[in-house]
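See structure below.
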Amino acid sequence: MGKIQMTVDGNTAAAYAAYAFTEVAAIYPITPSSGMAEITDQWSANGRKNIFGQSVNVVEMQSEAGAAGAFHGSLQAGALTTTFTASQGLLLMIPNLYKCAGELLPGVIHVSARAIATHALSIFGDHQDVMAVRQTGCAMLASGSVQEVADLAPVAHLAAIKGRLPFIHFFDGFRTSHEMQKIELLEYKDYAEMLDMDAVRDFKDRALSPNNPCFRGTAQNSDIYFQNREAANPFYQNIIPIVEEYMDKISQRTGRSYHLFDYYGAPDAEYIIVAMGSVNCAIEQTIDYYNAKGEKYGLVKVRLYRPFSIKHFLDVIPKSVKAIAVLDRTKEPGSVGEPLYVDVCTAFKDVANPPVIVGGRYGLASKDTTPSHISAVYENLKQANPKNSFTIGIIDDVTMTSLEPAEIINAEQADMMACQIWGLGSDGTVGANHQAIEIIGNNTDLFVQAYFDYDSKKSGGLTVSHLRFSKEPIRSTYLVNHADYIACHNPSYVYKYDMLESLKAGGIFVLNTTWSEEELQNQLPADMKRKLAQKNARFYIINAIKIAQEIGLGNRINMVMQGAFFKLINLIPEEVYVKELKQAINKLYGKKGENVVKMNYEAVDRGIEAVKEIKIPDSWKNAVDEEEEKVKEPEFIEKIMRPMSRLKGGELPVSAFKGIEDGTFPSGTTAYEKRGIAVNVPEWILERCIQCNQCSLVCPHAVIRPFLITEDELKEAPETFEAKKATGKAFEGLYYKIQISPMDCTGCGNCADVCPAKGKALIMKPLETQVEKEVQNWKFVMEKVKFKENLAYGQSFKDSQFKAPLIEFSGACAGCGETPYIKLVTQLFGERMMIANATGCSTIWASSAPSMAYTINREGKGPSWANSLFEDNAEYGFGMYLAVKQIRNKLEENMKKLIGMNIEEKIKEAFNDWIHYKNDGEASKEASRKVLEVLEDFTHTDVEAVNLVNEIKQNKDYLVKRSIWLIGGDGWAYDIGYGGLDHVLSSGEDINVLVFDTEVYSNTGGQASKATPTAAIAKFAASGKKQGKKDLGRMMMTYGNVYVAQVGINADNNQLIKALREAESYNGPSLIICYSPCINHGIKEGMGKSMANIKKAVECGYWHLFRYNPMLKKEGKNPFILDSKEPTGNFREFLMGQVRYSSLMKAFPDQAEELFDQAEKYAKEKYAIYKQMAQQEAIEIN
Amino acid sequence: MKNKNDFKFQGKDNERLGKIHPTNREGTAAWQNFEGFYKVDQVGKPSEEDVIEAKDWVDNGSKL
């Protein structure tokens, strides 16, 4: 029997065990479970063998429903099959879970349990998903820590095979799935020794086979269905001793004891908690803390949740127990109690003199649950009438369910060292902390824990690493809240986050800053000074940015900060950690050359040497902020958005959401952020500008815009505000200005890159040189410059840019290829728009609370926006369309009735006009205005007429034709949502679809979709995608009545705007597919050239521009127009300009050439087909 | 629901509107580690290594 020690997260531990027992894994990615499938795929690609001597066959399906179908089919055909999922994904599997349980198939589903989307989506962990499948007949096994995952995951597989029941093995999403711990794993030979090979043989003998044909999944009626279902009861009875048997075997091999229910705490406990999952670790800490003070607390840890063995449960409960609190990590509104609570109550049904039993909820969407919160649960049990259906971890001042902690305690072991490190996504901090954990774990006897807390932004965004080290096992399953060491790697955070809140008295705070000791006095915010002084902190500064630049590492500060970290935490001797860090550097950077390795060595050395302690002056204890004029912000911004942005959202009480219980959030909140992301921003060179507005068109974040200004408006402008005479007859007498918002700009540089002016009218300059004047200039245009309504704007993309974009300052990555398209759509149709948005990057950059990027125009109108799920977006948006159509039809009916009555001619005229222009978006605006005008003072003696008019007035919101857009990425449109999309487009109804084709699942980490082209490397296509790219456009053209366009911004802006206008005005379904570069592509020229990349894609024939306009058929013309010219660019060069292709040369050189050739062949073939289609004569059918 | 008209914002009455201190500067992000600048417009050019690091973060690091 062997044990392997590893520092891994829960997902890796689960995948490790699963791999051993799995022949086929049918999967679909979903946060936070994707890591399990990805690492399985990676191991398979690297040739790792399962215990049967074979690599696992990992197949990515189109959705979780598809994965469940394949899971089911694979089991029926005799392969041991596994899947990995969470949340909505698990729910999509429900029908197949019933099937697998009913057919007694030994599949295993590993679930990193996650919240279900209700009033909002959350990627974070709780048990809502697993509780939603508890009735399916699958056995359910819960793990509460990374070590438990490693120990119990094999139990799930072993018991499934022997017991012939599918198992759901679950653990907390993020808290366990993503937490890193030093753990022990058994070797595969141990698993093989425990496996019942006879049971495996029996399973395979039962498999569907033409050699022994049979039927499975018949149709049964009321005569036998019930009896056949009940016949499986013995399997549920027998699984219990089977699980016990394997838990014993694991216990013997590991030395860690597991039972169906495990008790912890006082053997004569009076007050106990029953719970599942990671909270058990925090409860154990709380018990140790209070029992040492004389309390008698205990805990029952539920491991086998289904089948729920009442006998085994009651056996572990001490007879002394007076009261029990059951903690559920789910919410079941309308029920008498949450599921585990109901199970426990039922368990005591036949017990004489049962204890008092109450239930409560905790931890939804990874809400932290600390020993202080747990203490409140025990205190509640001591009351004469303990509160039932309570909550912990929140303040419920609406229905008063919450229990407040009596005291804030620190129940962690005395020797614990806890660290918080505040960094930025991709700055190397997280990677360095992974490394630190491994170094300390491998070189000491210490237990180690790492947990990474991120916001949702993909490429930037805050990261807070929570690290712990201790001689004893670490059971702190909550964020670090008593920190010995806090470091801030991003100097700008001092203005926003209360980083010192968790610092212990006497703790260490390290700030990466360019400020000198003297400058700190004036620059450091007063709040920070006070906390440093009052906590008697040891305060250090280091200019890691300068050191990195001096060494030649540019902005890579991670190794500098690592040096400082190891020096200050003082856990291992300097010679040891220096040696380990340098070994890690060799491993990480060795392939990049000796020079890079040497630079990183130097970074470590200088980090150790340069970190400098600052003597905190006494005066800081009473430091006071400079007086500033207070701006009275809207209530929502002040009371909800600002606290959330400062990471104080956890303190908001339930009442803060009164009035928005349904999850509604307001538009336009991103304007309040002003994050100052950019290092360099564009400076406008007035004299060179040709007023083409291309910069504004391509800007992903709407931070650079043209303004037309009157003479009078200009008089009020700040001194630094420059403008020039506007060109164009329509703009005579006006001035023109390109204005940038430097505090909203990400600094990508696309605007400057696309500028066609000689010598460039936009040059990137350091933010510091621009910010003072341009912030005031931006403020001026926002407050004082009005949109000039009555000008004769043309239809060109240039003129479109004078209208305010109704999506701004989103959370998208710098250079994002998705946002410029939707920004233009909002400029064209925004005041009439309804958006149904599929889950993906486009929901995350648009609506990660509290940052809502869609906004309103001066009239208060703008896109309504909603996300339902991933797979149902087309149907969801179609539902919106149906509702609007129905209500507008009623308006028309009312008007027609009124026309037939005795009413004024002018009213009849207005109604006839409205009816005529009902489906014309622009014309219906004026027609609707006229209707409201003529009805304003309407009176009539006929009550029916009055009622009809009142109905029209009540529904006046629907008078203007709405522009309904279903938007999302290729993961939705090509894969999981394809069925719905196809159905909606087949309907013939007037609906618009916009697809951001990034050719990969961008938001969940780069998994292949059916839009991924041949030769591209993606997850689940690690050796380059073999299959070709689906031609969604051509497929939808076969309906004949769908408007289809493929577009590329900056490649042909005239074609783009034509396509958008034609699509929207077409009275039928429209589909526009947009080529969207993404950071995932690894564009070697940088994201500052993402727009140029689109142009290159079209020029070399990689991406084609076309329009299929069914209206042309009515004119006797060929509906298909190929807008791309004959490709002239170099296809191979285009591919090699992106890491997603070029890395194939290094990774799989044998296959690369053939795949690149195939990719080019497919692209040429496609172009040839389009050319042929464009050259066809129009077909006439008589 | 709250009154719809109280719930529409245009960035006015905004205490950050006049501020010049960044709160979330991304100066240390991999995609902003420029090894050089394109002539004339001074748009930053990352090294291939930085492009790979930036890609690695969105594919693996952010673990969403």
Side-chain angles (χ1 to χ4, degrees), chain A residues 31 35 123 178 424-427 430 454 458-460 490 492 495-496 554-557 592 631-634 659-660 664 666-669 671-677 679-680 749 752-753 760 762-764 771-772 775 779 782 814 856 860 1003-1006 1079-1080 1082 1084-1088 1139, chain B:
Chain A
T31 305
I123 57 169
H178 283 57
L424 173 75
S426 84
D427 72 350
V430 168
Y454 309 141
K458 282 303 291 183
S459 68
N490 185 333
S492 65
Y495 294 111
K496 189 164 181 184
N555 72 358
R556 310 315 286 150
I557 58 162
K592 298 178 187 179
V631 174
K632 180 78 185 119
E633 295 191 306
I660 52 170
T664 302
S667 295
T669 61
Y672 292 84
E673 293 184 314
K674 303 289 178 265
R675 293 177 284 152
I677 296 169
V679 170
N680 300 316
D753 185 63
K760 295 281 187 174
L762 292 166
I763 312 275
M764 301 303 284
V771 71
E772 281 206 44
V775 161
K779 196 165 180 265
M782 286 293 107
I856 54 172
N1003 193 242
T1004 46
I1079 285 195
N1080 161 277
K1084 293 180 186 175
E1085 291 180 310
M1087 287 308 280
V1139 172
Chain B
M1 215 204 83
K2 288 188 194 290
N3 186 329
K4 272 186 173 182
N5 286 326
D6 294 335
F7 228 41
K8 297 194 283 194
F9 304 126
Q10 285 185 317
K12 295 178 183 171
D13 303 321
N14 177 356
E15 74 174 25
R16 292 282 304 157
L17 192 54
K19 296 280 194 233
I20 61 171
H21 290 307
T23 58
N24 293 88
R25 195 115 187 241
E26 291 190 12
T28 49
W31 74 266
Q32 285 212 82
N33 194 28
F34 301 134
E35 66 170 3
F37 296 88
Y38 290 101
K39 229 163 105 172
V40 186
D41 56 31
Q42 299 295 299
V43 170
K45 183 184 186 316
S47 68
E48 188 169 328
E49 284 316 316
D50 293 310
V51 169
I52 292 170
E53 275 214 49
K55 175 178 163 57
D56 187 57
W57 176 255
V58 300
D59 285 350
N60 302 307
S62 61
K63 290 233 181 221
L64 291 177

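As the structure is a prediction and not an experimental result, all values here were calculated from the model. Chain naming here is simple, since letters A, B, ... match the order of the sequence lines and numbering starts at 1 in each.
With a 4.5 angstrom heavy-atom cutoff, A:Ile677 touches chain B via backbone and side-chain atoms both. For B:Asp50, the part lying under 4.5 angstrom from a heavy atom of chain A is the side chain only. In this structure, the portion of A:Val430 lying under 4.5 Å from any heavy atom of chain B is its side chain and not its backbone. For A:Lys632, the part lying near chain B is the backbone, with the side chain staying farther off; criterion is any non-hydrogen pair under 4.5 Å. Contact of A:Ile1079 with chain B is made through backbone and side chain together, with heavy-atom distances under 4.5 Å. Of the two parts of A:Asn1080, the backbone and the side chain both hold a non-hydrogen atom closer than 4.5 Å to a non-hydrogen atom of chain B. Heavy atoms closer than 4.5 Å to chain B are found in both the backbone and the side chain of A:Ser459.
Between chain B and the residues A:Gly1082, A:Ala752, A:Gly1086, the largest count of heavy-atom pairs under 4.5 Å involves A:Ala752. By number of non-hydrogen pairs under 4.5 angstrom with chain B, the leading residue of A:Gly1006, A:Gly676, A:Gly554 is A:Gly676. The candidate from B:Asp56, B:Val51, B:Asp41 with the greatest count of non-hydrogen atom pairs under 4.5 Å with chain A is B:Asp41. Counting heavy-atom pairs under 4.5 Å between each of B:Lys19, B:Lys45, B:Glu35 and chain A puts B:Lys19 at the top. Ranked by heavy-atom pairs under 4.5 Å with chain B, the first of A:Glu772, A:Glu1085, A:Met1087, A:Met782 is A:Glu1085. Taking chain B as the reference chain and counting heavy-atom pairs below 4.5 Å, the highest number among A:Val679, A:Asp753, A:Val1139, A:Asp427 is found for A:Val679.
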Working note: B:Arg25 + A:Asn490, criterion side-chain contact (heavy atoms from CB on, under 4.5 Å); need CA distance, chi angles, decisive distance, verdict.
CA-CA 7 Å; B:Arg25 195 115 187 241; A:Asn490 185 333; 4.2 Å; yes
When you look at B:Gln10 and A:Ile856, which way does the side-chain contact (heavy atoms from CB on, under 4.5 Å) test go after all the steps?
CA-CA 6 Å; B:Gln10 285 185 317; A:Ile856 54 172; 3.4 Å; yes
Please evaluate residues B:Tyr38 and A:Met764 with respect to the criterion side-chain contact (heavy atoms from CB on, under 4.5 Å), reporting the C-alpha separation (whole Å), side-chain torsions for both, the decisive distance (0.1 Å), and the verdict.
CA-CA 10 Å; B:Tyr38 290 101; A:Met764 301 303 284; over 6 Å; no
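The nearest pair of heavy atoms linking A:Tyr454 to B:Gly61 is OH-O, 3.0 Å. Here the closest heavy-atom approach between residue A:Glu673 and residue B:Arg16 is recorded as O-NE, 3.1 Å.
Side chain of B:Asn33 to backbone of A:Asn555: a donor-acceptor contact under 3.5 angstrom is found. Checked by atom type and distance alone, the side chain of A:Glu633 pairs as donor or acceptor with a backbone atom of B:Glu15 at under 3.5 Å. Between the side chain of A:Lys760 and the backbone N or O of B:Val40, no donor-acceptor pair lies under 3.5 Å. Of the possible donor and acceptor atoms, one in the side chain of B:Asn14 sits under 3.5 Å from a partner among the backbone N and O of A:Ala671.
Relative ring orientation between A:Tyr672 and B:Phe9 is described as perpendicular, the plane-to-plane angle rising above 60° on a 0-90° scale split at 30° and 60°.
Here B:Lys12 contributes atom NZ and A:Lys779 contributes atom NZ; the two are 12.5 Å apart, rounded to the nearest 0.5 Å. With values rounded to the nearest 0.5 angstrom, B:His21 atom NE2 is found 15.0 Å from A:Lys496 atom NZ. Rounding to the nearest 0.5 Å gives a distance of 8.5 Å between CG of A:Leu424 and CH2 of B:Trp57. The CG atom of A:Asn680 lies 8.5 Å from the CD atom of B:Gln42; values are rounded to the nearest 0.5 Å.
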